[in-house]
Amino acid sequence: MKTAPSKVSIAKKNNYLDIHFDSIGAEQFQWPSVKAQSYVLPLGEGKIIPADDTNWRIFLDDQSYTWSESFSMDFFALKNDPFSLVYVVTNKFNDEVHFDTSSSLQFQFTHAFPSINKDKSYGFRLYVMGNDPQQMVQPYKSYIEESGKYVTLADKSKDNPDIQKLYGAPQIYLWSESILTDRDVQWPKIRPLLSGALGEWLVKLLAGTAEGSDELAQVLKDLAKQNSLDAYQKRVVLSALNQGMKLKSFYSQAVFPNPGSEAQKLMDQGIDHLSEQKLYDLNKLLLKSVLKDAAGDISTWGQADSTDLINDMQKSGVQKAWIGLPNWADGLSNPRMVEAANKAGYLIAPYDSYHSIQEQPDPSWNTAFFPDPSLYDQATIAKKDGSKIAGFLQRGRKLNPTLAMPSVKQRVEGILQDGIGYNSWFVDSDATGDVYDDFSPDHPTTQLQDMMARLDRFRYFAKDKHMVVGSEGGNDYASGVIAYAQGIESPVIAWGDPDMRENKNSPYYVGGYYAASGIPERYGKSVPIKPLYEKVYNDPMYALPLYKLVYNNSIITTNHWEWGTYKIKGDKADKMLYGLLYNVPPLYHLNRATWEQEKASILNYLKVWSPFHQQAVTQQMSNFAVLTEDRLVQSAQYGTDLKVIANFSEHEVKVEDDVIPAVSAVIYEGKQRSIFHAADNVKLLARK
């Protein structure tokens, strides 16, 4: 690998050095290699990392991080008392940071010059600043403002006032995927129907799906010897019925000989020509024609776990909320739920993704299939050696975003064509910084072009479709267009640790993605995390609000959906305190049962957090301070009159003339003072 020659230029500006590198033949160049007393890095929200810290030296040992994906903003700082050196990175692409912990923590910064990229340069602005966090972020904030890329939420809401519905809104994933639920059926009347044509048809129909039909076939065989169904058998049957109703091939004249006039009108249009929403309408009618009085009226199917839950939230005092649906199909199959969210004044968004593409359709992973058959071979990303980059979970391939827009529009127009009331949209992966050089001869694409295509995708949702747009991650190249981001505050933790991801017998196993009913364990199961991860990801002593000091009134950030407010055992109180100190929405996964268990804790927290957030998010974070040597008591100020002091420790602490109780936050609004006791709030959780 060529590392030289390169041309270096250094120019002195008013308050910084402009350092610039140009390749004149090098394939990569390494600079700088740095060593300091401690490092201030924009890892997610931000971290301060002492060079001799044992936890971080273990965690970062011999690790290489891709800059655009691993760092939320384009700067880093070296803290050497009594000053710091701040590096602003002027080319975020093709950069890698390698950590060396052999003596103390240090790292090397390397830039590659791909053959397909005509830009053969990279560089830094280098500043000498004080050690206060506000001082360390100021060069970067000025750099962003200078480039015209800083857009406030107030500016965004001029184009879409619905953005203000995020102010004071918890973020909630609502798990109501089932069209037909246990509440909607009478099992004694369904059991004999399953032994006939309906059961046989479901087994045949589901044989080609990802879940298959072996389980159902065994249940039907067992039912022939029984007079009733147990809980497991009911789940299998309901899952099969719900899967079947989402398929175009659900109709069979032999199984549904008398579909009724309403269903016949839809079939007369041609099943293959029906919109997705109308297909679900048809299939519900077909199933009802066979179930008859074994199921309630179609208008009531699934409503207890969806519409009724939303109405209860609103009546209970949740004035604002962002509701995310795990799949756009959940809304299309239950438009009453979407209508109820709108009526309550909430935002409601489908999950969508253009990250991976698969060659064949998979009903359980509909975001990875596109009707255009040419995309899989002709619009996927190739490495330098010509091989294709695998998609998520090593399935399929990764789709080149510069070639995807026609398919994006086709999908979205199809989802919206019958007037479903989505007013927000969640686009997975596009703000994570997971961007690529595509070496395909027919469509070579640089990382910059990849990123710009993702921004165009966001603008399509925000401008053309008037949606409140959010994404995974929240790396700040997307901050000018998206309104919310999930992952800055708690990213995906330890993706490669088999004890958390593969070993189901491990106490740290986070759970699987799929559940026949209810919330999948991946999102709903509360688990501990290993002590090392607890330290580097969650310990307040390493936390710094770098992102908030730059973007507090520009973008609303919260946890990744895998790591909601109640996910980590033992951290629930700290998450609540963190949410107040850093002005971060709580993120919950709810269905009817979980809402009943967590309702008291959620409402008690929102009573304090929501009005605080509504004020804080419209202002800049104007000050941040660490108030104790152990760094467990911290304060943040928003604007001039709003301040919070959080005490993460197990004992009360005196700050000036005020006493801050243990595991509590004290909020000051002008002369008013209020206390939130996080430990007491955790006790309200009615966990089974």
Side-chain angles (χ1 to χ4, degrees), residues 1 3 6 19-23 26-36 39-47 49 56 59-60 62-78 85-101 105-114 116-117 119-127 136-137 139-140 143-144 147 149 381 383-384 389 429-438 445-452 454-455 471-479 485 487-488 491-492 495 536 544 546-547 550-551:
M1 180 69 70
T3 58
S6 292
I19 303 170
H20 193 82
F21 300 88
D22 288 284
S23 170
E27 294 180 10
Q28 68 174 24
F29 194 84
Q30 184 182 97
W31 195 92
S33 294
V34 299
K35 185 175 182 179
Y39 304 91
V40 173
L41 302 179
L43 292 166
E45 178 62 62
K47 299 292 184 183
I49 304 174
W56 282 97
F59 183 73
L60 293 174
D62 200 31
Q63 294 294 307
S64 293
Y65 284 4
T66 301
W67 180 267
S68 63
E69 185 175 4
S70 300
F71 297 88
S72 61
M73 297 178 286
D74 293 329
F75 79 96
F76 61 88
L78 314 180
L85 293 176
V86 177
Y87 291 74
V88 172
V89 181
T90 58
N91 183 348
K92 72 186 292 97
F93 306 107
N94 304 112
D95 298 326
E96 184 176 273
V97 172
H98 180 77
F99 292 94
D100 177 4
T101 64
L105 181 63
Q106 49 197 295
F107 65 82
Q108 299 83 40
F109 193 102
T110 301
H111 181 84
F113 302 97
I116 61 172
N117 194 339
D119 183 0
K120 302 299 183 183
S121 67
Y122 83 108
F124 303 87
R125 290 184 176 187
L126 180 58
Y127 298 79
M136 284 187 275
V137 303
Y140 186 67
Y143 175 72
I144 293 298
S147 66
K149 296 177 181 177
I381 299 172
K383 301 177 186 178
K384 195 173 182 179
I389 297 178
S429 298
D430 277 359
T432 62
D434 186 22
V435 296
Y436 294 91
D437 289 312
D438 185 352
T445 306
T446 67
Q447 292 183 15
L448 173 61
Q449 291 169 322
D450 180 303
M451 184 195 78
M452 295 305 294
R454 295 170 192 269
L455 293 179
S471 188
E472 180 185 10
N475 288 4
D476 73 336
Y477 62 82
S479 65
I488 286 292
V492 175
W495 179 259
V536 299
L544 275 183
L546 304 179
Y547 201 95
V550 177
Y551 287 111

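Because the structure is predicted, anything quoted here is derived from the model rather than measured. Along the sequence shown, residues carry numbers from 1.
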task = Decide yes or no for Phe109 and Tyr122: does some side-chain heavy atom of the first lie under 4.5 Å from some side-chain heavy atom of the second?
result = yes
request  = Using modelled atom types only, decide if a donor and an acceptor are shared between the side chain of Ser72 and the backbone of Pro42 within a distance under 3.5 Å.
outcome  = yes
task = Walk me through it: do Phe29 and Phe113 pass the test ring pair (Phe, Tyr, Trp, His ring centres under 6.0 Å)?
result = CA-CA 8 Å; Phe29 194 84; Phe113 302 97; 7.7 Å; no
query = For Tyr87, which residues count as a side chain to side chain donor-acceptor pair (under 3.5 Å) partner, sequence neighbours excluded?
reply = none
task = Hey, could you give me the CG/OG1 distance between Asp438 and Thr446, rounded to the nearest 0.5 Å?
result = 10.0 Å
ask   = Does atom NZ of Lys120 have more than 12 heavy-atom neighbours, drawn from other residues, nucleotides or ligands, at distances under 6.0 Å?
value = yes
inquiry  = I'd like to know if the side chain of Tyr143 and the backbone of Arg125 have a donor-acceptor N/O pair within less than 3.5 Å.
reply    = no
Check: Gly433 main-chain N/O paired with Ser68 side-chain donor or acceptor under 3.5 Å = yes
inquiry  = Using modelled atom types and a 3.5 Å cut-off, is there a donor and acceptor pairing between side-chain atoms of Asp434 and backbone atoms of Ser429?
reply    = no
request  = In sequence, state the C-alpha distance, the side-chain angles, and the governing distance for His111 and Phe21, and then conclude on side-chain contact (heavy atoms from CB on, under 4.5 Å).
outcome  = CA-CA 10 Å; His111 181 84; Phe21 300 88; over 6 Å; no
query = So, Lys47 side chain and Val536 main chain: donor-acceptor pair closer than 3.5 Å or not?
reply = yes
query = Would a distance-only check, ignoring hydrogens and angles, find a side-chain to backbone donor-acceptor pair under 3.5 Å from Tyr547 to Gly44?
reply = no
query = Does the separation of the ring centres of Phe99 and Phe59 fall below 6.0 angstrom?
reply = no
query = Distance-only, no hydrogens or angles: does the Ser147 side chain make a donor-acceptor pair with backbone N or O of Ile144 under 3.5 Å?
reply = yes
task = Quick one: list whatever passes side-chain contact (heavy atoms from CB on, under 4.5 Å) with Ser471, sequence neighbours left out.
result = Asp430, Ala431, Phe458, Ile482
query = Would you say the side chains of Asp437 and Asn94 form a donor-acceptor pair under 3.5 Å?
reply = yes
key: Listed partners of Ser121 passing side chain to side chain donor-acceptor pair (under 3.5 Å), at least two apart   = Asp119
